[in-house]
Number of protein chains: 2
Amino acid sequence: MQKDTLCLGLLSLGPRSGYEIKQMFEGPLSDFYSLSFGTIYPTLNKLQSEKYVSCKQLSQSKKPDKKVYTITKKGKDLMKENLLGDASAYIRSGNFGDQIKSEFFLLLLFAKYLPKETLETVLNERVLFLQQKLEQFKYDGPVPSDLQALRNEKSITFIRGLATTLIESGLTYMEKNREKLN
Amino acid sequence: MQKDTLCLGLLSLGPRSGYEIKQMFEGPLSDFYSLSFGTIYPTLNKLQSEKYVSCKQLSQSKKPDKKVYTITKKGKDLMKENLLGDASAYIRSGNFGDQIKSEFFLLLLFAKYLPKETLETVLNERVLFLQQKLEQFKYDGPVPSDLQALRNEKSITFIRGLATTLIESGLTYMEKNREKLN
DNA sequence: GGTATCTATATCAGTTTGATATATATTATC
DNA sequence: GATAATATATATCAAACTGATATAGATACC
């Protein structure tokens, strides 16, 4: 997805600064997508210069100033147009373009070159890591106010449920089949 | 994982050309990792100049010449050393560094901006796509000879089983919960 | 007073991709 | 039998992106 569309989409959930957009990527979206500051800030500047977003400089007591961006009518139109265009492209290609770089799977692929104890440790840590992820996705308590908008999205409920299901079945599989790696 | 370690790892399964390494990424590895020609060819040149791999120019009848790279003892040592180093880093960080860019999840996140029929089509196509993926992972027939080495790895059996399990539970979830997106 | 951490924006070298170029050979189409 | 499309094979490069670093005000804690 184009970075422009993505930033506009996140701004459609409410006005936000570049820093707060980054927090969404580092928090609730971290398992699905990510953009760096080096992408976010130039994108916001470009979107502003083309009137897809407006910007208010906010001086905060107790914190540095921040620039809060708000999506404009023009921006919302562009976002919808791009989403529709992207969706059709995915349908036409029959491929949803998911791009995965899994260090863990690569490590498993070359597992035979690891000392046995190292492999054991890696698998144990992976299980612990997945259990933590599971807790994260299941967590239903309060979240920081600027992340609440994401939490309120219906689609996030669907996605969190899916992630929970996937991790649970992955964990079960790993526990049942880990001896296949020996 | 460093591109050097990864190329060495794939060459450890048998001598290969750059083109054939790319085929592994486009075929059986496509769901877990990918490197482009722009990365593969310079990496192989660098590895060769540093004696981690040796190279034989093969003239083939009926096909263009190819450069077949073979991992050296020095290369195998470096690979093992790097794998061990990486593994420890993952354990220490408690994060296996999986990086996912899922266009599909982003599209779902902004599903409310899509026309209802478009969303329906996207979800239907996704189900079809996942069913095809499932067939792919379950397929147990013959594969092209240069991909057979991968197929023979014990770890690939484990990974294919895991992928199958994940896709199956994902499909079940999607069929049961897709109305949550309306 | 020192140091660590958080909020906030900005920049940039280095890496990677996606596209393009080049070349040969095979297969399909017309 | 000519032409187009596809497959094999290597190489290169502009454009995009990341990860690191710089800068700076404010709080927290010891």
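To find a chain, count down the sequence lines: A is the first, B the second, and so on, and within it residues start at 1.
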- Task: For nucleotides 9-14 of chain D, just jot down a letter per nucleotide in 5' to 3' order: B, S or -, based on protein non-hydrogen atoms under 4.0 Å.
- Result: BBBBB-
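At least one donor-acceptor pair under 3.5 Å links the side chain of B/Lys74 to the backbone N or O of B/Glu50. Listed for the B/Tyr173 side chain is a donor-acceptor partner under 3.5 Å among the backbone atoms of A/Phe158. When atom types are taken as modelled, the side chain of A/Arg16 and the backbone of A/Asp146 share a donor-acceptor pair closer than 3.5 angstrom.
Scored by the salt bridge (charged side-chain N to carboxylate O under 4.0 Å, His left out) test, A/Lys80 finds no partners at all (sequence neighbours excluded).
Regarding B/Lys22, its NZ atom lies at a distance of 11 Å from the P atom of C/dA19, rounded to whole Å. The separation between A/Ile40 atom CD1 and C/dA8 atom C1' is 12 Å, rounded to whole Å. Distance, B/Glu26 CD to D/dA7 P: 12 Å, rounded to whole Å. Atom CD in A/Gln99 sits about 11 Å away from atom C1' in D/dC17, given to the nearest Å. A straight line from NZ of B/Lys3 to P of D/dT18 spans 17 Å, rounded to a whole angstrom. B/Gln2 places its CD atom 15 Å from the C1' atom of C/dG14, with the value rounded to the nearest Å. The separation between A/Leu35 atom CG and D/dG19 atom C1' is 14 Å, rounded to whole Å. Summarising the geometry, the separation between NZ on B/Lys101 and P on C/dT16 is reported as 14 Å, rounded to the nearest angstrom.
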- With side-chain contact (heavy atoms from CB on, under 4.5 Å) as the test, would you mind laying out the steps for A/Ile21 and A/Leu35 before giving the verdict? CA-CA 9 Å; A/Ile21 288 178; A/Leu35 289 179; over 6 Å; no
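A donor-acceptor pair shorter than 3.5 Å cannot be found between the side chains of A/Glu120 and A/Asn124.
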